[in-house]
Amino acid sequence: MLDHRLVQTAVIGNSKSDHPVILPMEAPELEVWRRRHPKYTYWCGYELGGCGGKLMDRLYHDKVCHFAHVAGGPTCGRAATGESSADHLFIKRGLRRLLDKHGQRGEVRTRDLGSGPGGAVDLHLPAARRRLRFQLSPLDYRSWRAADLDLGGDADEVDWFFGADEPLTEELLARNGYALHFRLETRGGERHVYIGTQTHDGPSVRWDPLEDCRIEQAGLLAPSAGATLSLGRRREPFTFPLADPLVFALDEGTAVPEGSPFASEGRRLAMADVRPAGSPIVRAVLSLPDDTAPPSAAHVYRAVDRASMLVREGMDGWAVRLDRFVRLDAYEAARTGLAGVLPASPEKKPAPAPGTRQPDRPSPVAPPRAVPSVAVRKQRAREGAVALTRDQAVVRVREILTAAAAEGRTLRWSDLRAQLGNPLKSMSERELVDFLVEVDSPLWDSKAVLSVLLLGDKGGLLSCLPAVLHRLGIRGAQGLSTDSPPLHAWVKQERERGVALYGTSPRPVPRRRPVTPPTRTLTAQQWRDVGASLRGVQQHKTKQERTTARHATAGEIRQVRTLYDRVQSTMSDLGRAFERTKRTKRVMRLARTWLALTAPVSEVPANRSPEQAQALRTSAAELLAELNAIAAELKAIQIKYR
């Protein structure tokens with residue numbers, strides 16, 4: 001059988017050789033090649049994933065020259081035969097030559113990663129405790145992660161080289177600040193290896209021939225890189241922005257751990273108690289600017305801009321980076337839980353009794369002007385002390401409600417609006433819904449709905465609360481009124497969840513349940529199903545004398561048993577959530593008796609009990625209708641307590 005495949009690569013010498021060659025494709029080039037290497041023998045080598053059979057070169061003037069298997073050899077299942085199919089052997093040979101050229105000790109091996117022996121090429125430098133991996137087969141991130149850990153078992157550094165178009169190079173560029181590439185070019189019967197370096201400084205990759213690079217204890221050095229290609233692992237921590245502002249108080253009595261990985265030039269580290277918005281207080285390392293006055297441990301501060309979390313891969317712990325912060329007043333600091341008790345409200349001085357002479361005191365000299373009333377002065381003080389933007393008001397309301405939830409308190413919306421001033425004034429109900437949805441967003445199971453703590457002017461729930469809950473995605477809230485008993489029960493449970501989540505004593509947190517309207521027990525489709533079943537009962541009642549329990553077919557008995565078992569299982573799953581009514585008990589007893597009387601080996605007793613007599617008069621259709629109605633009611637209860 002003739003081999004018509006265009007095999008372009010082979011190994012020289014024998015089937016186990018790792019000395020690769022590419023057959024020139026043009027006839028004049030192949031003639032020159034034959035004259036230069038008259039004694040070469042070519043093989044479909046095992047290092048190429050071949051069969052080990054002998055190859056011969058075929059010279060053509062009218063088509064591409066190529067290798068062909070010698071007739072009578074083994075059957076070959078080699079998958080790759082193009083000029084790139086021997087790239088791993090050219091890389092292996094280039095690295096060996098580089099080791100010999102620079103007098104370094106190392107081991108070069110090819111790896112079979114599941115798709116053949118050309119999956120990767122590894123260079124191990126034991127003296128430098130360094131490995132170089134040239135990755136030829138495709139690799140995703142998780143596979144790369146596992147391979148990186150495996151290669152790093154006996155090495156301090158692992159340098160990865162990828163093709164120019166590999167998606168992982170973007171990941172490594174972001175992770176390490178540099179990425180390493182390789183490519184091969186064909187010239188004659190050789191594939192020449194080039195090494196590329198890519199950094200954030202320039203968009204393009206700088207390429208150097210492998211033979212111009214150096215292998216030393218520091219790794220692989222390229223002329224155009226100006227430094228070692230193995231720059232080591234990323235030294236800077238990874239930065240992740242925090243969505244909401246946070247408050248903090250320094251702890252000067254605790255020192256920052258020595259050798260912290262978060263230390264950097266131009267910044268100072270400090271230990272602090274940190275409270276992100278809507279979260280408990282945690283102990284963390286703070287990274288603060290070195291060119292600003294250090295905060296005092298006697299005060300509580302809030303980050304002006306969004307903070308960032310710093311994380312070093314492979315290391316425990318994290319830090320928070322802040323660039324700007326402001327000090328909170330005593331009242332705000334106490335609300336955060338990071339300071340002492342709330343300052344006492346200034347007591348009103350009693351007015352002197354009529355005719356009482358006040359002690360003489362020097363009167364201050366002031367220009368004559370109209371003195372505003374006490375109420376006006378208080379209002380102006382509130383408006384002047386608070387100048388918040390809408391975003392700041394959202395964060396501030398979230399903090400106030402979180403502190404109230406921890407203590408199990410409620411607040412009037414009018415009092416909160418007066419406290420914060422301009423951002424909350426003159427809000428329509430629609431604007432209030434938008435604002436409260438923003439306060440409670442994003443809503444997770446690990447958070448409580450803070451809007452349930454707000455009361456209207458008369459002390460009841462806010463009139464817009466059902467709309468807020470519906471916008472937050474809580475099922476069953478749409479269309480309810482604030483007088484709805486299920487809504488009040490749900491609000492009470494949600495307030496208890498707030499105490500459990502944000503209070504000082506941690507407690508198990510119950511799962512948030514949907515708000516279910518009290519008037520809806522069955523869906524429209526379920527009511528239609530029940531109606532159809534009842535109509536079927538009326539139709540079958542006229543045939544009662546002919547369709548009784550003793551005349552039920554095997555199919556009807558099977559249907560009744562299946563439905564009975566399903567209803568019984570559902571009632572067992574609901575447990576205390578389902579209170580068995582007299583009707584349910586009656587139907588289930590009737591079904592049990594009916595099934596006992598319709599069993600093939602059962603006998604009708606001469607002295608029948610009332611239940612047995614009723615079962616004998618009941619048709620399968622009647623019983624199925626009753627069980628279907630109960631099943632529909634149980635399904636509605638399941639939806640309610642899901």
Inset, instruction - Report yes if some heavy atom in the side chain of Phe90 is under 4.5 Å from a heavy atom in the side chain of Ile22; otherwise report no. - result: yes

Inset, instruction - Check whether any side-chain heavy atom of Gln8 sits under 4.5 Å from a side-chain heavy atom of Ser84, and report yes or no. - result: no

Inset, instruction - Compare all side-chain heavy atoms of Val7 with those of Leu23 and state whether any distance is below 4.5 angstrom. - result: no

Inset, instruction - To the nearest 0.5 Å, tell me how far Leu136 CG sits from Phe134 CZ. - result: 9.5 Å

Legend entry - Sub-4.5 Å side-chain heavy-atom contact between Pro295 and Leu288: yes

Inset, instruction - Give the minimum heavy-atom separation between Arg268 and Asp290, together with the two atoms involved. - result: NH2-OD1, 3.3 Å

Inset, instruction - Could you give me the CA-CA distance, side-chain angles and deciding distance for Gln135 and Ser137, then say whether side chain to side chain donor-acceptor pair (under 3.5 Å) is met? - result: CA-CA 6 Å; Gln135 185 70 30; Ser137 61; 3.0 Å; yes

Legend entry - Residues that His192 engages under ring pair (Phe, Tyr, Trp, His ring centres under 6.0 Å), provided they are two or more places apart: none

Legend entry - Heavy-atom side-chain proximity of Leu221 to Cys213 below 4.5 angstrom: no

Inset, instruction - Indicate the atoms forming the closest heavy-atom contact of Pro126 with Gly106, along with that distance. - result: CD-CA, 4.2 Å

Legend entry - Arg78-Thr9 side chain donor-acceptor pair, cut-off 3.5 Å: yes

Inset, instruction - Return the minimal non-hydrogen interatomic distance between Ala10 and Phe67, and the atom names on each side. - result: CB-CE1, 3.8 Å

Legend entry - Distance-minimising heavy-atom pair for Leu125 and Arg105: CD2-O, 3.9 Å

Inset, instruction - Would you name the heavy atoms of Gly45 and Val11 that are closest together and state the gap between them? - result: CA-CG2, 3.6 Å

Inset, instruction - Show your working on salt bridge (Lys or Arg N to Asp or Glu O under 4.0 Å) between Asp273 and Arg275 and close with a plain yes or no. - result: CA-CA 7 Å; Asp273 293 317; Arg275 183 167 196 167; over 6 Å; no

Inset, instruction - Could you check Phe161 against Phe182 for ring pair (Phe, Tyr, Trp, His ring centres under 6.0 Å), going step by step and ending with a plain yes or no? - result: CA-CA 6 Å; Phe161 294 78; Phe182 70 89; 7.5 Å; no

Inset, instruction - Would you indicate whether the side-chain heavy atoms of Lys92 and His88 approach each other to under 4.5 Å? - result: no

Legend entry - Residues, nucleotides or ligands: over 12 heavy atoms within 6.0 Å of Arg142 CZ: no

Legend entry - Modelled atom types, side-chain donor and acceptor of Thr169 and Gln198, under 3.5 Å: no

Legend entry - Side chain proximity check, Thr186 to Met25, heavy atoms < 4.5 angstrom: no

Legend entry - Distance-only side-chain donor-acceptor flag, Thr570 / Gln568, under 3.5 Å: no

Legend entry - Residues Arg267, Asp323: salt bridge by 4.0 Å N-O rule: yes

Legend entry - Euclidean distance, Glu438 CD relative to Leu472 CG, rounded to 0.5 Å: 11.5 Å

Legend entry - Whether His66 and Tyr60 hold their rings parallel, tilted or perpendicular, with breakpoints at 30° and 60°: parallel

Inset, instruction - Indicate the ring-plane relationship of His37 and Tyr40, choosing parallel, tilted or perpendicular according to the 30° and 60° boundaries. - result: parallel

Inset, instruction - Answer whether the closest heavy-atom distance between the side chains of Tyr301 and Leu322 falls below 4.5 Å. - result: no

Inset, instruction - Would you list the pairs meeting salt bridge (charged side-chain N to carboxylate O under 4.0 Å, His left out) in which at least one residue belongs to residues 113-127, sequence neighbours left out? - result: Arg111-Asp122, Asp122-Arg133

